[in-house]
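Read through the structure below, which is laid out as structure tokens, and then see the notes.
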Protein chains: 2
Amino acid sequence: MPDPELSTTPTPTTPPAPISPPADTPGRPYHHGQLRTALLEAAERTLRTQGASELSLRELARELGVSHAAPRRHFPDRQSLLDALAITGFHRLTIQLNAALATAPPDDFPARLKATVAAYVTFATQDAALLDLMFTTKHRPGATEVAAAAVPAFTQLQDLMLQGQSTAHLPAGNLEPSALVLFATMQGIATLINGAWVDPTLLETLTTTAVTQFLRGAAPHPA
Amino acid sequence: MPDPELSTTPTPTTPPAPISPPADTPGRPYHHGQLRTALLEAAERTLRTQGASELSLRELARELGVSHAAPRRHFPDRQSLLDALAITGFHRLTIQLNAALATAPPDDFPARLKATVAAYVTFATQDAALLDLMFTTKHRPGATEVAAAAVPAFTQLQDLMLQGQSTAHLPAGNLEPSALVLFATMQGIATLINGAWVDPTLLETLTTTAVTQFLRGAAPHPA
DNA sequence: CAACAATGTAGCCACCGACAACAAAGTCGT
DNA sequence: ACGACTTTGTTGTCGGTGGCTACATTGTTG
């Protein structure tokens, strides 16, 4: 407390004003009410603009005009906030993959594959830091919730592969390796673009090439 | 200045013993002599065991029995240490790719490709955090030295592709997209394993599948 | 209306990276 | 050999951060 009395001449005439903190949002009624949501939104913004390493709980608290310890009520530590971000990230990814599938004819496997890959890479490049978080957070021991949130997105890809088998675009049998290789390729393309190893304008070309080569490379052997 | 005159009391009776610091390595002669190298080695160890985010300059200094500001003489800030690590990482990668190529017959393109991919993925999984550093550091504006260090490794892959064209395993023309897709696949496989999305025992299967599918998918069109 | 839970605040601690001022050792010209 | 200069290491400090505890305010519920 640098100025215990000089501040505002104690303002004995302001009982209606909840003295509270000198937050930039002066009218806030002590309890923020939506702190958790607000934190996640602000964090996602910072994540996109500054990256995960720059994300500071105290800075978030300042942005929201709340004390530095307030976030702790909703996220016991920094990592759990990051986990929450990863989880919502997986939800968003699942939704976007679904939406992409809906734009392709239901029985056109190559088109559906292309749409899925494009949607994934688009998501991955628009939210690079988030994707990184989603992937690196997962392997942390004890991140069961994050892992669970990832399941639907994977199921979606798996179902698509099953469709490919049913339409004979893909061979019968265990295609787990093939599917994983395709997934790895998507992930890798995103990494290349996010790391500025290739020009972003190549995104379209790369996804097309990847899908085309995958369809040719994984197709059932004619011989 | 806590003690302007008590400091030295010229210590006329201890010329042989270099008072120096009470470091845990008592015999160290004030100047470490190999601090830069030692820092890099220790940092690489911590990087492998703890990850980049856990790497602390002060902790490194403590490990080496040196004051907390000593590292600054060799690395102006934390990032420049990370850059140095990334650079040596690229050197190591280049060497290992070279070694892998040497184990395959000079004119067996598929074998050489397989060996290269395997070597890359092996490197990437043994030094996950380092690989991440090498990739994420690169896009940082102004990291010209890191980018330069990456060139030889890429040249090596490029040369291999040219060989593939000369042996007709790959079609003539611009194969940059194909090569990038393969590179993305390697990178992605590493990511999948490092993030524990797939079991490490699948590494061999995945690289084989990736190479096989690539050779079939990128092969010159017969029609 | 009185416990109680939920939510926010204030203050502290240890750690970190960056910086500046100082000290010791090596180097090099004379 | 000796003194100036450079290199390398040390100490001290500052602001920032995450995590913790104690406390204050508000909402809820019996």
Side-chain angles (χ1 to χ4, degrees), chain A residues 1-4 7 15-39 43 46 50-83, chain B residues 1-11 14-40 43 46 50-83:
Chain A
M1 300 281 184
D3 51 349
S7 53
I19 319 153
S20 325
D24 47 3
T25 49
R28 184 170 62 76
Y30 189 90
H31 276 128
H32 182 289
Q34 304 281 39
L35 224 203
R36 189 190 153 93
T37 309
L39 280 170
T46 329
Q50 312 281 343
S53 60
E54 303 304 314
L55 204 160
S56 145
L57 293 181
R58 286 170 114 99
E59 176 63 28
L60 287 181
R62 242 164 306 176
E63 283 178 27
L64 301 178
V66 104
S67 86
H68 70 265
R72 186 168 171 67
R73 293 294 168 201
H74 302 274
F75 303 100
D77 58 11
R78 193 182 120 103
Q79 185 59 53
S80 80
L81 198 175
L82 297 181
D83 284 357
Chain B
M1 309 236 184
D3 52 351
E5 51 183 340
L6 151 150
S7 55
T8 50
T9 58
T11 58
T14 53
I19 321 153
S20 329
D24 48 2
T25 49
R28 184 168 62 78
Y30 188 92
H31 277 129
H32 183 289
Q34 305 281 36
L35 224 203
R36 189 189 153 93
T37 309
L39 280 171
L40 286 174
T46 325
Q50 312 280 344
S53 60
E54 305 302 314
L55 203 160
S56 144
L57 293 180
R58 285 171 114 102
E59 176 63 27
L60 288 181
R62 242 163 299 166
E63 281 178 29
L64 300 179
V66 105
S67 84
H68 69 264
R72 187 170 171 67
R73 291 294 167 202
H74 302 273
F75 304 99
D77 57 11
R78 192 183 120 104
Q79 186 57 53
S80 81
L81 198 174
L82 297 181
D83 284 357

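Quick caveat, the model's predicted, so the values are computed rather than measured. Convention: sequence-line order gives letters A, B, ...; per-chain numbering from 1. We use all heavy atoms of the structure for the numbers below, so side chains are in, but hydrogens, waters and symmetry mates are not.
For the residue pair His68(B) and Ala61(B), the shortest heavy atom distance occurs at CA-CB, 4.0 Å. Pro76(B) and Arg72(B) make their closest contact through O-NH1, 2.7 Å (heavy atoms, listed as atom of the first residue, atom of the second, distance). Nearest heavy-atom pair across Leu81(B) and Ala43(B) is CD2-CB, 3.8 Å. Closest non-hydrogen pair, Thr46(B) versus Glu63(B), comes out as OG1-OE2, 4.2 Å.
Across the protein-nucleic acid pair, Gln34(A) atom CD and dG27(D) atom P stand 14 Å apart, rounded to whole Å. With rounding to whole Å, Leu81(B) atom CG is found 12 Å from dG17(C) atom C1'. Rounded to a whole Å, the CZ atom of Arg78(B) is 13 Å from the C1' atom of dC15(C). At whole-Å resolution of the value, CZ in Phe75(A) and C1' in dC20(D) are 19 Å apart. As rounded to whole Å, 16 Å separates atom C1' of dG8(C) from atom CZ of Arg36(A). Atom CG of Leu64(B) is separated from atom P of dT10(D) by 11 Å (rounded to the nearest Å).
DNA chain C is contacted by both Arg72(B) and Pro71(A); Pro71(A) maps to the nucleotide lying nearer its 5′ end (nearest heavy atom per residue).
The side chain of Val66(B) has dT10(D) as its nearest neighbour among dG8(C), dT10(D), dC20(D). Set against dG17(C), dA21(C), dG8(C), the side chain of His74(A) has dG8(C) as its closest nucleotide. For Arg73(A), whose side chain is taken as the heavy atoms from C-beta onward, the closest listed nucleotide among dC23(D), dT10(D), dC20(D) is dC23(D). When each of dC19(C), dG18(D), dC22(C) is scored by its nearest atom to the side-chain atoms of Leu57(A), the top-ranked nucleotide is dG18(D). Side-chain proximity of Ala70(A) to the nucleotides dA20(C), dA10(C), dT9(C) is greatest for dT9(C). Nearest to the side chain of Ser67(B), among dG8(C), dC16(C), dG9(D), sits dG9(D).
Residue contacts shown for Leu55(B) are limited to sugar-phosphate atoms, with no base heavy atom under 4.0 Å away.
Applying the 3.5 Å distance criterion, the base of dG12(D) shares a donor-acceptor pair with the side chain of His68(B). For dG16(D), the base has no donor-acceptor partner in the side chain of Arg58(A) [N/O atoms by modelled type, under 3.5 angstrom].
When each of Leu40(B), Leu57(B), Leu82(B) is checked for a side-chain contact (heavy atoms from CB on, under 4.5 Å) with Phe75(B), only Leu40(B) meets the rule.
Contact annotation: Ser56(A) reaches the phosphate of dT17(D) (side-chain N/O to OP1 or OP2, under 4.0 Å).
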